[in-house]
Amino acid sequence: MDIPGPGRRGPGGRGMPVEKPMDGKKTVTKLLRYFQQERTSVLVLILIVSAGVICSVYAPRLQSRAIDEITARAFDKLTPILLTMIALYLLYAVGTLFQSLLSARLSQRLVRRMREELFDRIVNLPIRYLDTHAHGDIMSRMTNDVENISNTVAQSLGSLVSGILTILGTVVMMLSYCWQLALLSCLTVVLNVIATKYLSGAMRRFFRKRQQLLGSLNSSVEEMVSGYHTVVAYNRQEKVIEEFNAISDELTTTGIKAEILGGSMGPVMNLISNIGFVIIAAMGGYFALRGMISIGVISAFIVYAKQFGRPINEIAQLYGQIQTAIAGAERVFAILEEPPEDKSGKGTMEQSRGVVSFKNVNFSYVPGKPVLHDFNLTVHAGQKVALVGATGSGKTTVVNLLMRFYDIDSGEILIDGVNIRDIGSDALRRSTAIVLQDTILFSDTIRGNLKYSNLAASDEQMVQAAKMSNCHAMVCRLHDGYDTLLSESGTNLSQGQRQLLSIGRAFLADPKILILDEATSSVDTRTEKNIQDAMVRLMHERTSIIIAHRLSTIQDADVIVVMDEGRIVETGNHRELLQQKGRYYELYMTQFAGQAT
C-alpha cells in the first residue's frame, strides 16, 4: 500500500504567476529570524514529519515481507507483520493530524508577528512615504503578501521537509534491495520532472494571462458601476457591453486553454508512472526469476517508485509558490526597513501662546523643484491669518510644514520662538487641530468620531463642541443620535454633514493653534454662514490659519496672505488688499464675477 507523504496537499495555486524576488537569499535570512523565535515549534514539526516519513518509507518493506511470507505459506509469521503495519498506519495518521495543526499554528503565529510589526511601521511612516506610494500597493503588502507567506508556511514547510526526507529514505531503501532496479525507477522520475517542467511553463503562461484578463474584466465592471450615471447620460451602454464582451470572450478562450493544460498534468503524470510500473514489473520479474530479488520486493519497488516521484513533483510545484511568497516577504521587509517618522524633540507646548513664525523657509517635494521660496510669515497669538492663492501656490504646503508632516529644506519654523524640530511631533499635534479639505471619518459612532481628537472629553464637552460647529441639531435628527454608526468614510451622511462633524472634532480638541484647510469647501452657503459664526467664537484668542479658495469666507481675517508660486506677493486685510488692486483684487473680482453670473 502506498502511503502519501505527511501533510501533502495538491499543488495549491496551480498555474498562478510566479513573482520572483530580487534578492531571495537576503529575504530568506530575514524570514529565518521569525522562525528562530518559534524554534520549539519548528523542532517539534520536523520531528513529527520525520516520524511520518519513517512510517511511509518502512511500510512498503513490511508489505514486501508480508507478501514473501504468504508466498512461502508461513502464515504464522504474518500476524506480527500485519500488526506492525497497522501500528505504522495509525502512527502516520496521528502524526499527519498533529503536523497540520502545528503547521497552521506556526504560520499564524509567524504572520501575526509580521502583521503587527508591519502595521506598526505603516502607522509610523513619514507622510512623505504615504504620499509617494500607491495606497493600494501598501494595502496589498499588508494583506495579499502577508497571506501568501502564511499559506506557504502552512502548506509548504511540512511538505518540503517530508519531500526531501522521503526522497532520501526511498533511495536508501531501493538501493538496499536492488541497485539495478533502483536505477530503472529513477528513469521514470526523470521523465516526470521533464514533463512537469514543460507543462508547468505552458500552464503558467496561460494562467498568468487569465489572471491579467480577469483583472481587466473586474476593472471594467468596477469602472462601469462607479460611473454608471455617466455611462447612461451619454448613451454608452452598447459600447460598454461591446468592450466587456471582447474581454470576456478572450478570457473564456484563455481559460479553456489553461484548464486543458492544467487537466493534462494528471493524465501525463499517470501515464509516465504506469510506464514506470510496467518497467519495474517486467524487469522485477526477470530479476526474480534469476533469484536476485523476491516477489515481495517487486511490490515494494512499485510503491517506492511512486513515493520517489511524488515528492519531486510536489517540490517542483511548490517552487513557484515559495518564490512568490519570498517575493511578497521582500515587499513586506521593504516597508519594515523604511525609517519611521522622526518625532524627536523634548519641547512641549503646554504653556504655548501660539506665535508661529516662518523664517526664510525653502521647501521642495521633489529635489530641484522648489514649492516655497524664502518664505517669511509671522502669525501672532490669537491672530486669524488667511492664506489665499491659485491652486499650487503652496498654501497647503505651509500647513504640512507646520504640522511636521514634511521637513523643510532650509530656514526654520518657530512656535513661541522655539524651533518645531525641538518640539516633539506628538506634543505639537496635540496642541494643533486641523480640518482638511478631504473629510476623513471612521467606521465608528458619531460619538467616537467626535472624541477622536480628545478621548478624555466628557459627553457635555462633546455636545458643546457639536453645538459650536452647528452639527448638534443634525445629529439629534438621526435615529440613534450620537450613537449612530457611520459606514466606511461616513458615506451614510452627506458631504456637508461629514464636514460639519470633522469641524466639530477639531473644536473638541481645544487647540492652541487651529488650521482650516478649505474647511467649508463642501458646505452649502447657509451652513457655511452658521459655521463661520461658530468659528468666530472658537477662534477667539486662538492662533488660526485658514486656507480658502472662497474669499467670502475670510473677509474678516486679521491678515490675508496672498501666495503665488510659493512666494508671498501681498499681505493686508480685506479692505487694504482691495484698495491695492493687485493679485487679491483680481482673485476677488474673478470670484465676484462668477457669483454674479
Side-chain angles (χ1 to χ4, degrees), residues 116-133 135 138 335-366 371-372 375 377-379 381 385 387 394-442 449 451-457 502-503 505-517 519 542-547:
E116 289 174 351
E117 291 179 6
L118 181 59
F119 187 77
D120 180 80
R121 181 49 53 92
I122 291 175
V123 168
N124 289 287
L125 283 173
I127 296 293
R128 180 186 293 272
Y129 182 91
L130 296 175
D131 284 348
T132 55
H133 290 76
H135 294 179
I138 296 175
I335 294 183
L336 290 174
E337 292 170 356
E338 281 291 326
E341 180 186 11
D342 180 13
K343 297 183 179 181
S344 61
K346 298 181 180 179
T348 64
M349 294 183 60
E350 294 181 0
Q351 305 300 323
S352 173
R353 294 181 296 114
V355 180
V356 179
S357 301
F358 293 80
K359 294 187 177 180
N360 305 316
V361 172
N362 291 279
F363 174 76
S364 58
Y365 292 103
V366 179
V371 178
L372 292 183
F375 186 83
L377 175 65
T378 297
V379 183
V385 175
L387 303 178
K395 304 184 299 296
T396 301
T397 299
V398 172
V399 172
N400 287 338
L401 298 179
L402 177 59
M403 294 291 291
R404 285 188 63 178
F405 292 159
Y406 289 83
D407 290 328
I408 60 177
D409 297 337
S410 62
E412 56 182 354
I413 303 175
L414 310 173
I415 295 181
D416 296 328
V418 179
N419 194 313
I420 62 172
R421 294 176 183 265
D422 299 325
I423 302 174
S425 293
D426 293 340
L428 173 64
R429 293 164 189 170
R430 276 196 300 268
S431 301
T432 307
I434 182 170
V435 179
L436 299 172
Q437 179 178 358
D438 297 325
T439 304
I440 302 297
L441 295 175
F442 300 97
N449 274 280
K451 289 188 175 183
Y452 195 83
S453 62
N454 185 359
L455 298 177
S502 67
I503 294 172
R505 180 170 59 194
F507 289 173
L508 191 60
D510 192 20
K512 294 180 173 63
I513 300 174
L514 179 67
I515 299 172
L516 301 173
D517 186 354
R542 283 191 176 90
T543 303
S544 303
I545 299 176
I546 304 171
I547 299 174

Mind checking the [atom1]-[atom2] spacing from [X] to [Y]? Nearest 0.5 Å is all I need.
| X | Y | atom1 | atom2 | result |
| --- | --- | --- | --- | --- |
| T543 | D416 | OG1 | CG | 8.0 Å |
| L401 | T396 | CG | OG1 | 11.0 Å |
| R421 | I423 | CZ | CD1 | 12.5 Å |
| L402 | L377 | CG | CG | 10.0 Å |
| T132 | I127 | OG1 | CD1 | 10.5 Å |
| Y406 | L372 | OH | CG | 12.5 Å |

P339 versus L125, closest heavy-atom pair with distance: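 Shortest heavy-atom contact: O-CD2, 4.3 Å.
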Mind checking whether [X] and [Y] have side chains closer than 4.5 Å, heavy atoms only?
| X | Y | result |
| --- | --- | --- |
| S364 | D409 | yes |
| V385 | V356 | no |
| L428 | I415 | yes |
| P511 | T432 | no |

Residues forming a side-chain contact (heavy atoms from CB on, under 4.5 Å) with [X], sequence neighbours excluded:
| X | value |
| --- | --- |
| A506 | A433, V435, L514 |
| S344 | D342, R404 |
| L336 | Y34, E117, L118, R121, V332, F333 |

Pairing residues for [X] by the salt bridge (Lys or Arg N to Asp or Glu O under 4.0 Å) criterion, not counting sequence neighbours:
| X | answer |
| --- | --- |
| K451 | D459 |
| R429 | E341 |
| E116 | none |

Got a sec, which residues hit ring-ring contact (aromatic ring centres under 6.0 Å, His included) with F358, two or more places apart in sequence or on another chain?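 Testing F358 for ring-ring contact (aromatic ring centres under 6.0 Å, His included), a comparison that skips the adjacent residues, returns F375.
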What pairs with [X] under side-chain hydrogen bond (donor to acceptor under 3.5 Å, both in side chains), at least two apart in sequence or on another chain?
| X | answer |
| --- | --- |
| N400 | Y365 |
| K343 | N124 |
| N419 | none |
| D407 | none |

List the steps and the verdict of side-chain contact (heavy atoms from CB on, under 4.5 Å) for I547 and V398. CA-CA 10 Å; I547 299 174; V398 172; over 6 Å; no
Y129 atom OH: more than 12 heavy-atom contacts under 6.0 Å: yes
So, S453 side chain and R505 main chain: donor-acceptor pair closer than 3.5 Å or not?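 Yes; at least one donor-acceptor contact below 3.5 Å.
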side-chain contact (heavy atoms from CB on, under 4.5 Å) between D426 and R430, worked out: CA-CA 6 Å; D426 293 340; R430 276 196 300 268; 3.7 Å; yes
